[in-house]
Amino acid sequence: MIPGNFEYHAARGVDEALQLLSRYGEDGKLLAGGHSLLPMMKLRFAEPAHLIDLNPIEELRGVREDGDHLLIGTMTTESALQQSDLVARHCPVLPEVVALIADPQVRNRGTIGGDALLGDPGNDHPAVLMALEAEFVIRGPKGERREPANGFYLGPYLTRLADDELATAIRIPKCPPGQGYAYCKLKRKTGDYATAAACCLLSLAGGTVEKARLSLTNVGPTALRAEDAEDLLQGQTLDDGRIEQAAQAAMSICEPAEDLRGSPEYKTHIAGEMTRRALRLALQRARGQ
Ligand SMILES: Cc1cc2nc3c(=O)[nH]c(=O)nc-3n(C[C@H](O)[C@H](O)[C@H](O)COP(=O)(O)OP(=O)(O)OC[C@H]3O[C@@H](n4cnc5c(N)ncnc54)[C@H](O)[C@@H]3O)c2cc1C
């Protein structure tokens, strides 16, 4: 319950946050919604000597259009995502995901950036951003760069973000009208991390699958993109046999850790079931049903 002592810095802008990160190196930690970092500090799993608070930086909040992309500031809260008309119109899978994350109080503080950048395999945004082919807009001492969500996650709490960098926004291609989508998550109770979850995005052309994206949450050291399963779906008419093949392919890449949510075998089985459900729901929506 009692965190260690630390010095607090309210960053007034991105440049100031970057200067503070460079100054304090490994001793400095960015504070976003605080709902992963503070629990870890209260248990003394994390003991940063300096907290660099991003909350005063208004430019990091909000959703806007950028041509055929949505640009979501990393400090945008889960609640703000739920209330955004732009997100509902151009990326309808996101509100579905957010409604399954934590609880209303946590969603009022927790940010999409904190969730996606922490590298916790239990978090829900990473797999969804992989399926959406999103990119992180990253600022560091050498300037700005973009990093695709696919390939960003290297291991538990390990990403391609360097210690002296921060992400300012997440760039998501607008979802084409009529695209089917689904996020299916099994959890023990409201506010629990997934036993397993699957994200599916599906576009149809004349009854066959034009494009399929499938990804999985909490069944490996990182979020997983199920590319072999996607290949099995592309160009095909979806029937029960195809859906089963895709579910089996998704299960074959699972490497879940054993914990109180179940054994690796159980979690892999659940990942398959979540994949079947996500595919069926996305298919229904793509057919306008
Ligand atoms: C009871 C409870 C239930 C929860 N259930 C779920 C759940 O079901 N699904 C789920 O996905 N999450 C869940 N969470 C986690 C919650 O959504 C967290 O808020 C989220 O994981 C972290 O976001 P944050 O904004 O709170 O980040 P913080 O805790 O403030 O930050 C975490 C870390 O992210 C990094 N970071 C943050 N912002 C940036 C940035 N702009 N650039 C670079 N690095 C950055 C930093 O390293 C920072 O230390 C739960 C949390 C609680 C307390």
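As the structure lists them, so they are numbered: ligands from 1, and atoms in each ligand from 1. Side-chain atoms are counted along with the backbone in the values below, which use heavy atoms only and exclude waters and symmetry mates. Since the structure is predicted, the reported quantities are computational estimates derived from the model, not experimental observations.
By the criterion of a heavy-atom distance under 4.0 Å, neither the backbone nor the side chain of M40 is placed next to ligand 1. When non-hydrogen atoms are compared, ligand 1 lies under 4.0 Å from the side chain of K29 (C-beta onward) but not from its backbone. Counting heavy atoms closer than 4.0 Å to ligand 1, residue L161 contributes side-chain atoms (C-beta onward) but none from N, CA, C or O. Only the side chain of T74 comes within contact range of ligand 1, with a heavy atom under 4.0 Å; no backbone atom does. The proximity of D192 to ligand 1, defined as any non-hydrogen pair under 4.0 Å, is limited to the backbone.
If you number the atoms of ligand 1 from 1 as listed, the ones under 4.0 Å from a heavy atom of G110 come out as 19 (O), 25 (O), 26 (O). Interface of K185 with ligand 1, defined as ligand atoms under 4.0 Å from a residue heavy atom, comprises 7 (C), 8 (O), 9 (N). Against a heavy-atom cut-off of under 4.0 Å, D124 is close to the following atoms of ligand 1: 7 (C), 8 (O), 9 (N), 10 (C), 11 (O). Listed by atom number, the atoms of ligand 1 under 4.0 Å from L166 heavy atoms are 42 (N), 43 (C).
No option in L18, L21, L166 other than L21 meets the side-chain contact (heavy atoms from CB on, under 4.5 Å) test with I52.
When the side chain to side chain donor-acceptor pair (under 3.5 Å) test is applied to T237, no partner is found at least two apart in sequence or on another chain.
When side chains are defined from C-beta on, N55 counts as touching R109, because their heavy atoms get closer than 4.5 Å. In this structure, the side chains of L117 and L30 stay at 4.5 Å or more apart for every pair of heavy atoms. Counting heavy atoms from C-beta outward, P126 and D120 have side chains that stay 4.5 Å or more apart.
If you check each of G119, G191, G114 against atom 37 (C) of ligand 1, the one with the closest non-hydrogen atom is G114. Among A17, A127, G34, the residue whose heavy atom sits closest to atom 28 (P) of ligand 1 is G34. For the residues A167, G113, A162, G73, the heavy atom positioned nearest atom 41 (N) of ligand 1 is part of A167.
Between R89 and E65, none of the side-chain N atoms (NZ, or NE/NH1/NH2) sits under 4.0 Å from a carboxylate O, so this pair counts as no salt bridge.
Closest to atom 4 (C) of ligand 1 among all protein heavy atoms lies A102 CB, 3.4 Å. Given atom 33 (C) of ligand 1, the protein heavy atom at minimum distance is L118 CD1, 3.7 Å. What sits closest to atom 52 (C) of ligand 1 on the protein, heavy atoms only, is V106 CG2, 3.9 Å. Scanning the protein for heavy atoms near atom 48 (C) of ligand 1, the closest one is L30 O, 3.1 Å. Atom 40 (C) of ligand 1 has its closest protein heavy atom at L117 CD1, 3.5 Å. In terms of protein heavy-atom proximity, atom 20 (C) of ligand 1 is nearest to S36 OG, 3.3 Å. Among all non-hydrogen protein atoms, the one lying nearest atom 24 (P) of ligand 1 is G33 N, 3.4 Å. Y193 OH, 3.1 Å is the protein heavy atom nearest to atom 14 (N) of ligand 1.
Note that atom 35 (C) of ligand 1 has no protein non-hydrogen atoms nearby, at separations under 4.0 angstrom.
Within the structure, side-chain hydrogen bond (donor to acceptor under 3.5 Å, both in side chains) contacts touching residues 21-31 (residues at least two apart or in different chains) do not occur.
Considering backbone and side-chain atoms together, A32 places an N or O closer than 3.5 Å to an N or O of ligand 1. Residue T111 has at least one nitrogen or oxygen atom sitting less than 3.5 Å from a nitrogen or oxygen atom of ligand 1, judged on distance alone.
Atom CZ of F45 has 12 or fewer heavy atoms from other residues, nucleotides or ligands within 6.0 Å. Enclosure of atom CZ in R188 by more than 12 non-hydrogen atoms of other residues, nucleotides or ligands within 6.0 angstrom is indicated.
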